[in-house]
Amino acid sequence: MKIKLTIDGKHRELDVKPGDKAQKVLKTAGLPGVRNGCDGEGSCGACAISLDGKVVNSCLLLAPQLDGHDVRTVASITPSHHEISPIQSALVDSGAVQCGYCTPSMTLAIDDLLDRVEDPSREQIKDAISGVYCRCTGYEQIIEAVPLAKKRMEDPDFEGEITPIFREDLKFIGRPKRKVDGAQLARGDKAFVEDMVEPDTCYLKMLRSPHAHAYIKSIDTSAAEAMDGVVLVVTHKNCPDVYYNQAGQGFPEPSPYDRKMFGEKVRHVGDRVAVVMAETEAIAEAALEKIVVEYEVLEHVLTIDEAATPGAPVVQQGEVEFVVGAPDDLDNSGADPRDGKIIYQFPIHADPHRNLAASVDGGIGDIAKGFDEADVIVEHEYVSSQVQCTPVEPHIVYTRMFAGRLVVHAATQVPWHLRRMFSNILSIPENKIRVIKERVGGGFGAKQDMVHEEVAAFCTWVTGRPALFRFTREENFIASRTRHPMEVTVKLGAKNDGTLLAMEMKVRANTGPYGAHCLTVPMNACSKALPLFICDNVWFDVQVYYSNIPPAGAYQGYGAPQGSFGMQVAAAELAEKLGMDQMELIEKNRVREGSWLEILRSLGEGRPGKPETVYTCGLDEALSRGRELIDWGTKETSEEPDVKIGKGVAIIQQGSGLPGLDTSNSTVTMFADGTFMLLTGGTDLGTGLDTVSTKMVAEILKVPMDAVSILSSDTDTTPFDVGAYASSGTFYSGGAALNAAKGLRDQILDVGAEMIGEPKDQLTLEFPGKVVGRTGSVSYLEMARQTQSGTGRGQLTHTANFTGEKAGFPYAAHFAQVSVNERTGQVKIDKYYALHDSGTPINPELATGQMYGGALKTIGHTLFEEMKVDENGVCLNPNFLDYLVPLVGDLPDDFRAELIDTDEPFGPFGAKSISEISCNGAAPAIATAIHDAVGVWMRHWPFTPEAVLEALGKI
Amino acid sequence: MIEGFHSPDTIDEAIALKRRYANRASFLAGGTDLNSSTFASEFPEEVISLAKLPLDELMVGDDRLRIGAGVTFQTLIDTPNLPEVIREAALFITTRNVRNMATVGGNIASNKFFSALIPAFAAFDATLRVAKLDGDTVELPLMEYLASTDQGLILEVLVPLRQRHAAVAKSRRSFIDIAMLIVGVGFDLDGDTLRSVRVAVGGLDAKVERLEEVEALLEGKTLPEREALETEISSRVSPEDSIKGSAKLKKYLTGVLVADALTKAMSDQGRARA
């Protein structure tokens with residue numbers, strides 16, 4: 001049927017089917033900003049449009065409902081493809097645009113608000129954006145952008161004060177400057193993988209296991225293959241005979257190679273059984289129905305206790321091999337060939353036939369002596385449940401052939417790891433593969449792994465046909481990556497004055513069916529929790545188990561949130577037992593500038609660690625600022641008799657990349673008019689890394705940021721980088737851009753010396769873009785013309801690398817004030833303050849946004865987010881409405897993120913990392929605040945009303 | 001799978017289409033339920049859009065408030081002088097985008113445990129004007145309509161305008177949470193004595209239900225102390241486990257929420273309409 005409507009002021013006539021969803025029709029009609037995050041649930045608002053002047057979710061509309069109506073999208077608010085409106089510029093400049101997937105919807109909602117309300121209050125702003133889900137920013141800066149937008153609508157030149165300036169001596173570093181991809185994202189331009197797909201593309205759909213644990217006895221795909229439009233069906237029978245791990249880690253990975261593309265055994269509900277490649281989505285879905293599978297269903301294990309029980313069903317019963325370090329007594333007598341193989345690159349102390357995926361222990365001093373000498377000992381277990389990263393953009397990959405090579409457009413954190421893994425799995429050399437990272441609609445660790453990309457790559461390589469594989473939201477829950485459920489037992493011993501004498505952490509973790517990050521995530525629970533306190537006697541023991549729950553893996557924080565929860569709450573419990581104030585105990589034992597971290601000697605990731613000195617630590621200021629903000633020590637009371645108020649705190653840390661493992665590269669090249677191109681491997685997930693790198697170059701070469709264009713994360717055209725994980729972006733990729741700029745500066749000075757006729761050491765670079773000596777100067781334009789002429793030395797270009805041996809630990813203190821309703825069990829966050837030392841914040845507004853985003857995300861984990869898996873291993877809540885993700889209505893009443901200024905000697909311009917650390921404070925700060933309010937210790941997240949009422953003995 | 005989309009201009013045409021397609025067709029109002037991948041139980045073959053029908057009038061009459069079935073939740077919130085309880089119930093849909101779409105009639109007709117307006121209208125003893133498939137237009141008590149099998153098309157909700165004490169309450173785990181429990185209570189006050197008590201709760205089972213035992217317990221009595229009330233109410237419900245909460249939690253919280261709502265309804269804040 002035909003419908004007539006106006007879209008962004010233009011009359012359009014569209015052919016639609018009665019059941020077509022409006023979102024899909026509008027997207028197909030050339031409106032990239034009408035996106036899809038929830039598959040028609042109506043919960044995320046990424047598809048928002050204005051329909052006859054009301055903002056609605058187009059995924060909840062049938063296309064015929066648009067007939068005769070006026071539809072407006074973000075394009076109606078965008079002045080031109082070169083410009084952005086005051087609302088869009090306010091969002092970008094406030095730091096409220098990270099991945100940008102939700103920004104078009106936020107823009108529409110704010111536009112509608114400012115049409116309705118002249119001078120909106122905070123509550124009215126929150127109401128306006130109440131229906132749009134943002135996982136990155138924590139909403140606070142979106143709220144702040146509204147009054148800024150209002151001012152800019154009245155005065156287009158109004159800039160406003162976004163954040164403090166951290167480096168007065170520098171032009172771009174440490175100051176808020178417009179995110180280099182901000183305008184593109186705010187306009188809703190084509191940017192993401194979904195925007196790159198060409199019309200002749202085939203669709204991939206996966207048949208998934210209904211059983212938690214089973215062998216595939218037989219599989220018949222003939223009826224599916226016989227269907228018109230079906231291009232390929234892949235199962236364990238015709239997939240590559242190659243074992244691998246999907247974790248995006250540096251080679252050789254500590255994660256075991258414990259899977260093929262498809263196995264004869266399925267290990268979780270949702271595990272791969274077969275993929276169909278077809279010419280339409282509908283055909284692919286219909287073909288899945290035609291595949292006949294007979295299973296031999298096995299007993300399964302879901303919990304750590306079940307997996308660790310002697311005689312439990314074995315999840316990975318394959319033949320064990322080692323590339324190096326095979327033990328002399330390797331025993332494969334219990335292996336079942338249907339389980340395939342498990343290949344270890346090196347030993348990680350696993351015993352897979354007992355479901356032990358990895359283990360490690362170590363420590364310093366004499367732990368037994370420490371506890372013997374302690375006056376007071378506490379020991380408790382802290383449990384975390386399974387949570388999902390829930391980026392608004394689901395996993396998506398688009399693959400195609402070009403000039404005989406495989407081209408992969410990916411929403412990934414690790415383009416080079418993908419290329420390496422494709423090369424291994426498809427048995428083709430890396431030079432036949434190109435991976436292009438498009439803008440990524442949120443990753444948070446889930447996109448650190450090759451979750452489905454290799455399947456699409458294989459289908460395209462085999463058939464020559466382009467393929468799109470986009471996960472449904474349900475697949476994003478059951479077949480992506482999640483935070484490892486952990487049981488962290490912390491035992492602390494101290495003298496009566498609070499001095500810690502012994503610290504012990506025992507971590508048991510559940511990795512699910514495969515071992516992606518199985519050693520490193522649980523170990524990081526210790527690595528980022530133990531060094532916060534200085535203690536001579538420390539021991540840790542980590543055991544990780546396979547099970548049949550949906551896969552665990554990397555998630556922002558990488559084990560540290562679970563470890564911090566245990567360690568910080570245990571410290572608070574110790575303080576209570578000692579009769580000390582929690583902050584007094586922290587002050588007595590915490591890390592400081594100059595502290596020697598001996599414990600790091602035993603905390604290497606599958607290799608020997610190195611002890612280190614703490615060069616910068618902003619905890620002094622963070623704690624004193626937090627104490628002042630929250631009025632620590634003052635007991636608050638509520639007017640409501642059922643409500644009790646309490647305050648809590650946690651100190652947290654992370655790293656800045658992985659010294660000795662991570663490496664980044666960048667190239668800066670001068671163009672013929674004296675402008676620059678920066679090619680960098682750094683992978684920007686919306687975090688602002690491209691802006692960090694651009695600033696490095698502009699600052700060193702003394703040119704406007706606009707004179708530096710950036711192309712990042714294309715394996716053909718940009719140099720190698722390990723990818724975006726371990727909070728490495730600013731330190732490593734930013735460091736590489738800085739080094740490349742410095743190298744080019746040296747060349748520019750060489751040429752300047754020749755052209756001006758003065759010694760190099762008499763010359764300086766001056767803004768904007770010239771070399772100045774005592775007798776004259778030469779502009780970059782003149783220099784480019786000279787060097788690129790027939791008599792010149794050639795185009796000026798420099799490639800540089802960044803590696804390091806220093807970790808650049810960022811530190812922070814998070815404070816929470818909560819109101820606990822003793823009758824309903826409801827916990828409300830009244831105040832939440834995140835005070836962070838991230839060295840020099842290169843992009844202070846974007847760093848602040850990551851702090852808000854990480855804090856709110858983990859407030860969600862702490863209070864309500866949880867994947868619920870039934871006794872058969874079926875996830876019961878694989879959607880936003882039942883899983884529950886934080887919306888703006890979940891914001892603390894008073895939410896602040898502040899940066900503490902330190903100058904890290906080993907980071908670029910004094911920078912350390914941000915991002916991951918922000919996830920480590922919420923659970924312990926809120927748990928200790930709840931205890932302060934109502935006297936119960938919450939040792940199992942999430943702290944739901946049910947859990948609180950149980951702890952209070954009400955139910 | 002939807003094969004036909006119909007957009008009738010009149011109520012008679014809409015009813016004729018429904019008669020013609022019977023169970024193969026559904027009326028489509030805002031679409032927040034019918035078009036949702038999570039809430040729609042199954043997709044109809046034929047859709048009868050109500051967009052062109054004159055169902056969006058909202059009128060305060062002499063003795064009744066008349067709310068057209070096509071009035072959206074956001075309009076309820078934006079319309080001045082409606083009972084605060086109805087506004088509060090409309091805010092149970094927390095996100096503005098959805099409130100801009102969801103309609104009064106659609107919310108009632110979908111008849112889910114989280115249908116936000118049903119407990120509120122039940123508290124007021126509201127009735128519905130309904131176009132039946134046999135061509136008649138009838139007025140039915142809300143809960144009677146919901147219990148019937150031949151439902152027809154809701155045209156408007158009629159809320160009696162008399163002194164009524166009413167309140168609503170909701171329990172949810174987070175802002176996006178549709179609801180674990182929603183509660184509506186209402187009563188007339190004769191001195192200190194409660195008359196025409198209504199207690200409706202969503203979340204105990206698949207649909208909103210009246211707690212008639214609790215109503216009977218309170219009818220003709222003065223309102224007991226909150227704690228005693230809470231225990232009495234909890235003992236009279238048998239909820240089921242669901243993804244929203246355990247039976248144990250719901251049983252406890254039903255007592256808390258209903259007791260709180262009754263207490264609030266008794267206060268000045270709960271006096272709904274003079």
Side-chain angles (χ1 to χ4, degrees), chain A residues 1 17-21 38-43 45 48 51 54-57 59-65 67-69 105 109 112 127-133 473 823-826 860 863-865 868 876-877 879-882 884-891 942 944-946 949 954-955, chain B residues 1-7 28 30-40 43-47 49 51-52 72 74 77-78 91 93-102 171-178 180 226-227 230 242-246 248-253 255-257 259-260:
Chain A
M1 63 187 287
K17 291 187 185 131
D20 282 350
K21 287 292 185 73
C38 65
D39 291 342
E41 185 180 49
S43 55
L51 183 66
K54 307 271 187 200
V55 177
V56 299
N57 291 337
C59 74
L60 291 176
L61 288 168
L62 299 177
Q65 289 181 269
D67 191 24
H69 291 277
S105 295
D112 171 61
D127 178 61
I129 62 171
S130 58
V132 188
Y133 167 52
R473 182 52 59 187
R823 284 182 79 229
T824 64
Q826 208 81 41
L863 295 184
F864 44 80
E865 290 186 44
K868 294 189 174 175
L876 300 171
N877 55 345
N879 57 64
F880 288 150
L881 286 175
D882 289 326
L884 307 178
V885 288
L887 295 184
V888 70
D890 295 299
L891 230 49
T944 60
E946 183 153 9
L949 289 169
K954 293 288 177 83
I955 57 172
Chain B
M1 188 172 161
I2 297 169
E3 286 168 0
F5 185 93
H6 308 272
S7 194
L28 173 64
T32 57
D33 193 281
L34 191 72
N35 293 338
S36 161
S37 57
T38 299
F39 300 136
F43 292 106
E45 289 174 30
E46 307 288 331
V47 165
S49 167
K52 292 184 183 167
T72 64
Q74 191 58 44
I77 290 162
D78 293 341
L91 280 166
I93 295 183
T94 52
T95 62
R96 189 181 182 91
N97 296 10
V98 177
R99 289 199 308 264
N100 276 335
M101 307 175 77
S171 171
R172 60 167 199 240
R173 287 176 297 157
S174 79
F175 189 76
I176 201 174
D177 194 8
I178 295 291
M180 177 169 21
R226 192 180 70 168
E227 281 67 25
E230 192 180 308
S242 75
I243 192 73
K244 298 297 179 189
S246 71
K248 180 176 67 170
L249 176 67
K250 288 191 210 172
K251 190 174 175 66
Y252 168 80
L253 279 183
V256 170
L257 259 62
D260 280 357

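Everything quoted here is computed from the prediction, not taken from an experiment. Here is the naming used below: chain letters follow the sequence lines, and residue numbers restart at 1 for every chain.
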Looking at side-chain heavy atoms only, is the closest gap between Asp177(B) and Phe864(A) below 4.5 Å?
no

Gln65(A) versus Asn35(B): any side-chain heavy-atom pair under 4.5 Å?
yes

Test: Arg173(B) and Asp890(A) ion pair at under 4.0 Å
no

Given a strict heavy-atom distance threshold of 4.5 Å, which part of Glu46(B) is in contact with chain A: side chain, backbone, both, or neither?
neither

If the condition is side-chain hydrogen bond (donor to acceptor under 3.5 Å, both in side chains), which residues does Ser37(B) pass it with, not counting sequence neighbours?
none

Quick one: which of Leu887(A), Ile955(A), Leu884(A) has the most heavy-atom pairs under 4.5 Å with chain B, could you say?
Leu884(A)

Does any part of the side chain of Met101(B), heavy atoms only, come nearer than 4.5 Å to the side chain of Leu61(A), both counted from C-beta?
yes

Closest heavy-atom pair, Leu881(A) versus Lys244(B), reported as atoms and distance to 0.1 Å, is O-NZ, 3.2 Å

Pick one of side chain, backbone, both or neither for Leu34(B), based on which atoms fall under 4.5 Å of a heavy atom in chain A.
neither

Under a 4.5 Å heavy-atom cutoff, which of Gln74(B), Glu3(B), Met180(B), Lys251(B) has the most pairs with chain A?
Glu3(B)

Going by the side chain to side chain contact (heavy atoms under 4.5 Å, CB included) test, name the single residue among Val132(A), Leu60(A), Val56(A) that passes it with Asn97(B).
Val132(A)

Could you tell me if the side chain of Met1(B) sits less than 4.5 Å from the side chain of Lys17(A), heavy atoms only?
no

Please evaluate residues Glu946(A) and Ser246(B) with respect to the criterion side chain to side chain donor-acceptor pair (under 3.5 Å), reporting the C-alpha separation (whole Å), side-chain torsions for both, the decisive distance (0.1 Å), and the verdict.
CA-CA 8 Å; Glu946(A) 183 153 9; Ser246(B) 71; 2.5 Å; yes

Chain A heavy atoms under 4.5 Å from Ile176(B): which part of the residue, side chain, backbone, both or neither?
both

Can you find a pair of side-chain heavy atoms, one from Arg96(B) and one from Ile129(A), that are under 4.5 Å apart?
no

Measure the OG1-CD distance between Thr32(B) and Glu41(A) for me, rounded to the nearest 0.5 Å.
12.5 Å

